[in-house]
Amino acid sequence: AQSVSQHNHHVILSEAASLELGCNYSYGGTVNLFWYVQYPGQHLQLLLKYFSGDPLVKGIKGFEAEFIKSKFSFNLRKPSVQWSDTAEYFCAAKEGGGADGLTFGKGTHLIIQP
Amino acid sequence: NAGVMQNPRHLVRRRGQEARLRCSPMKGHSHVYWYRQLPEEGLKFMVYLQKENIIDESGMPKERFSAEFPKEGPSILRIQQVVRGDSAAYFCASSPRTLRRNQPQHFGDGTRLSIL
């Protein structure tokens, strides 16, 4: 079965620290990958997406992610986090090309301490 | 404003009652998806609908759950004879009607369903 794994359920960092959240997927074929963020009390917002092309994807708010096909990974990074980055982060995947439902990871709760 | 509108935001039901969750997709979107998030879990895909058609219901429980997306009006997720295990957050997402296949999904704020 297709699955998405997020390695860290809770991450606590200080402001200005660098961030990397792990995500691995189990799809064998063409895959579309996404990172969503959910700020407290708000809806999920798309941070960035990968469909094809350059494996290094730039998103909003200074986030980026790198698709490494050989490792089945799509890790999220940010060089310097801010207190306002405190949120729940979800990695998601689906088979490429279709309008299918997404498979989500369990999420990573990120807390940034001032 | 999320664009995808879900209501109610919170719904409380007693065991055995029916729950109806509504979702209005973003303007111009004709694909609707429902997801369920149990406590401490990620979102799980339930069903994918287009206007008047269920495209993929592989994530829907076999009993008590149904979904529709009529020609007019919002998409409805209906849960009959609710049980405590149905307590969860239910999210709706939509994506555009387009010939391009690679479109991200936009999410609503969710409905938190609590079963007493």
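Just so we're on the same page: letters track the sequence lines, and every chain starts at 1.
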Establish, yes or no, whether the cationic atom of A:Lys78 lies under 6.0 Å from the six-membered ring centre of A:Phe63 and within 45° of the ring axis. yes
Is A:Leu44 close to chain B through its backbone or its side chain, or both, or neither, when contacts mean heavy atoms under 4.5 Å? both
Highest number of heavy-atom pairs under 4.5 Å with chain A: which of B:Tyr35, B:Phe91, B:Trp34? B:Tyr35
Can you see which heavy atom on A:Ala93 is nearest to which on A:Val4, and at what distance? CB-CG2, 3.8 Å
Under 4.5 Å heavy-atom distance to chain B, tell me which part of A:Gln6 shows up: side chain, backbone, both or neither. neither
To check you understand the geometry: which heavy-atom pair defines the closest contact between A:Tyr50 and A:Asp54, and what is its length? CE1-O, 3.6 Å
Is it true that the side chains of A:Glu95 and A:Gln2 contain a donor and an acceptor less than 3.5 Å apart? yes
Measure B:Gln6 against the heavy atoms of chain A and call it side chain, backbone, both or neither at under 4.5 Å. neither
